[in-house]
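Working notes, beginning with the structure itself.
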Amino acid sequence: MLSVKNVHVHYYKRDGLFNKPQTIRAVNGVSLELAKGEILGLVGESGCGKSTLSRAIMQLQPVTEGAITLEGTDLTKLTRAEVRKRRLDFQMVFQDPYASLNPRLTIYSTLLEALQQRREVPKNERMDTIAALMKRVGLSPDLAQRYPHEFSGGQRQRIAIARALAPEPKLIIADEPVSALDVSIQSQILNLLLELRQELDLTMIFITHDLSVVRYLADNIAVMQKGEIQEYGTSEAIFDTPQTDYTKTLLAAIPKLPSAA
């Protein structure tokens, strides 16, 4: 479904008026492939380039070099108007559920706006369609007329997931979607994503710094450091036989439960 080939994303920074601009290689020659129905875990420390790569895939960040192909179409070759049309095929779930929703819109309005990006929903079908969408993410349709501030963090993230699903995308990019939530709520959201994957044959890139989270969710894992893929393989291979010192360091940092006396 998705092919990322030799993608570079460079920034240019100038320190002082008379100094030459410095090239910051945020993403440096990354190649990945993602099959339909696959969940790819993109793992690395803060600043490694994983969020920049996700924005490049979403065409929110210009690509310096390389190709990003979605179902045979190179997104980097499209015009702005063409990108806007194709963007319905890939949606994003952001880290902060508090900041990602418009506080002035009810949940009904938020979801209706997202639904109608893909198709015009007749008035007599809107409530039933939104009710079905809310039920799919584990929320009661009775809550549709409430505003974001009336929900908990976990409920808001469910709303954000529903909004991402509304245009019926081919790919969802989830950028640290559980890192701002309590541990007990994290597991609920991860279980929801797994259920949606099974129900909808969902294809997803799940971005995180937490290897223990991604092991639970992902089929394959790509480990990023300093803008490059250091290791790429199945979840089992990454955890059982890591090949690089950096991956071993990340694995060693996973908290371990104390052994019973």
Side-chain angles (χ1 to χ4, degrees), residues 1-15 20-36 38-78 83 90 92-95 171-179 203-254:
M1 173 174 287
L2 178 73
S3 175
V4 177
K5 291 186 177 180
N6 194 35
V7 165
H8 297 252
V9 179
H10 298 171
Y11 298 105
Y12 300 97
K13 179 182 177 182
R14 185 190 296 274
D15 292 327
K20 292 182 179 180
Q22 295 178 321
T23 301
I24 300 173
R25 303 177 187 276
V27 176
N28 193 28
V30 167
S31 296
L32 297 168
E33 289 189 348
L34 189 64
K36 182 173 174 56
E38 177 187 341
I39 297 179
L40 172 67
L42 188 58
V43 181
E45 297 172 309
S46 296
C48 71
K50 54 189 188 295
S51 292
T52 300
L53 177 61
S54 72
R55 292 195 297 271
I57 293 171
M58 289 284 296
Q59 296 299 288
L60 298 172
Q61 170 67 48
V63 171
T64 307
E65 182 183 335
I68 299 173
T69 305
L70 182 67
E71 292 190 323
T73 300
D74 186 351
L75 303 177
T76 66
K77 304 297 185 185
L78 300 181
V83 166
F90 39 100
M92 205 154 187
V93 178
F94 296 96
Q95 176 178 359
L171 171 68
I172 287 180
I173 299 176
D175 191 355
E176 301 269 12
V178 298
S179 63
T203 307
M204 184 185 349
I205 297 175
F206 188 94
I207 299 171
T208 183
H209 64 278
D210 190 340
L211 271 169
S212 60
V213 168
V214 83
R215 183 179 195 178
Y216 182 72
L217 195 70
D219 303 293
N220 295 303
I221 296 175
V223 180
M224 279 193 79
Q225 183 188 31
K226 296 180 180 179
E228 299 179 354
I229 300 296
Q230 297 295 324
E231 195 160 349
Y232 185 27
T234 65
S235 295
E236 292 80 5
I238 295 293
F239 276 84
D240 295 342
T241 55
Q243 299 299 306
T244 68
D245 290 339
Y246 180 67
T247 303
K248 293 174 184 177
T249 300
L250 292 179
L251 290 171
I254 297 175

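- The two residues Ser235 and Ala218 come nearest to each other via the heavy atoms OG-O, 2.6 Å.
- Heavy atoms only, all atoms of each residue included: Ser54 and Met92 are closest at OG-CE, 3.3 Å.
- A donor-acceptor pair is defined here as one N or O able to donate and one able to accept, closer than 3.5 Å; no such pair exists between the side chain of Thr247 and the backbone of Pro242.
- Heavy-atom minimum distance, Met224 versus Tyr246: O-CE2, 3.3 Å.
- Using a 4.5 Å heavy-atom cutoff, the side chains of Val7 and Glu65 are not in contact.
- Closest heavy-atom contact between Val4 and Val30: CG1-O, 3.6 Å.
- Qualifying side chain to side chain donor-acceptor pair (under 3.5 Å) partners for Thr69, counting only residues two or more places apart in sequence or in other chains: none.
- Within a 6.0 Å radius of CD in Glu33, no more than 12 heavy atoms belonging to other residues, nucleotides or ligands are found.
- The two atoms that bring Ala56 and Val9 nearest to each other are CB-CG2, 4.0 Å, heavy atoms only.
- Evaluation of the side chain to side chain contact (heavy atoms under 4.5 Å, CB included) rule for Ser46 yields no partner, not counting sequence neighbours.
- For the pair Gln243 (side chain) and Thr241 (backbone), a donor-acceptor distance under 3.5 Å is present.
- Taking 4.5 Å as the limit, some side-chain heavy atom of Leu250 sits within range of a side-chain heavy atom of Val223.
- Contact check for Thr203 versus Leu34: side-chain heavy atoms found under the 4.5 Å cut-off.
- Note that CD1 of Ile39 and CE of Met204 are 4.0 Å apart. Values are rounded to the nearest 0.5 Å.
- Looking at heavy atoms from C-beta onward, Leu2 lies in side-chain contact with Ile68 at the 4.5 angstrom threshold.
- Between the CD1 atom in Ile238 and the OG1 atom in Thr244 there is a gap of 7.5 Å [rounded to 0.5 Å].
- Rounding to the nearest 0.5 angstrom, the gap separating the CE atom in Met58 from the CD1 atom in Ile205 is 10.0 Å.
- Taken to the nearest 0.5 Å, the OG1 atom of Thr208 stands 14.5 Å off from the CZ atom of Arg215.
- For the salt bridge (Lys or Arg N to Asp or Glu O under 4.0 Å) condition, no pair includes a residue of residues 45-56, sequence neighbours left out.
- Of all heavy-atom pairs spanning Tyr232 and Ala222, the tightest one is CD1-CB, 3.9 Å.
- Under the salt bridge (charged side-chain N to carboxylate O under 4.0 Å, His left out) criterion, Asp74 pairs with no residue, sequence neighbours left out.
- Using modelled atom types and a 3.5 Å distance limit, the side chains of Ser179 and Gln95 yield a donor-acceptor pair.
- For Thr73, the side chain to side chain donor-acceptor pair (under 3.5 Å) criterion is met by Arg86, not counting sequence neighbours.
- Taking 4.5 Å as the limit, every side-chain heavy atom of Val93 sits out of range of all side-chain heavy atoms of Ile173.
- Separation of atoms CD1 (Ile57) and CG (Leu171) is listed at 7.0 Å; rounding is to 0.5 Å.
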Could you walk me through whether Ile229 and Leu32 pass the side chain to side chain contact (heavy atoms under 4.5 Å, CB included) check? CA-CA 9 Å; Ile229 300 296; Leu32 297 168; 4.2 Å; yes
What pairs of donor and acceptor atoms, side-chain ones from residues 22-29 against any protein atom, are under 3.5 angstrom apart with sequence neighbours left out?
residue : atom : partner : partner atom : Å
Arg25   : NH1  : His10   : NE2          : 3.3
Asn28   : OD1  : His8    : ND1          : 3.1
Asn28   : ND2  : Glu228  : OE2          : 2.9

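- For Ser51 and Asp175, the side-chain atoms include at least one donor-acceptor pair closer than 3.5 Å.
- Note that CG of Asp245 and CD of Glu231 are 10.0 Å apart. Values are rounded to the nearest 0.5 Å.
- Side chains of Leu40 and Phe206 form no contact here, defined as non-hydrogen atoms less than 4.5 Å apart.
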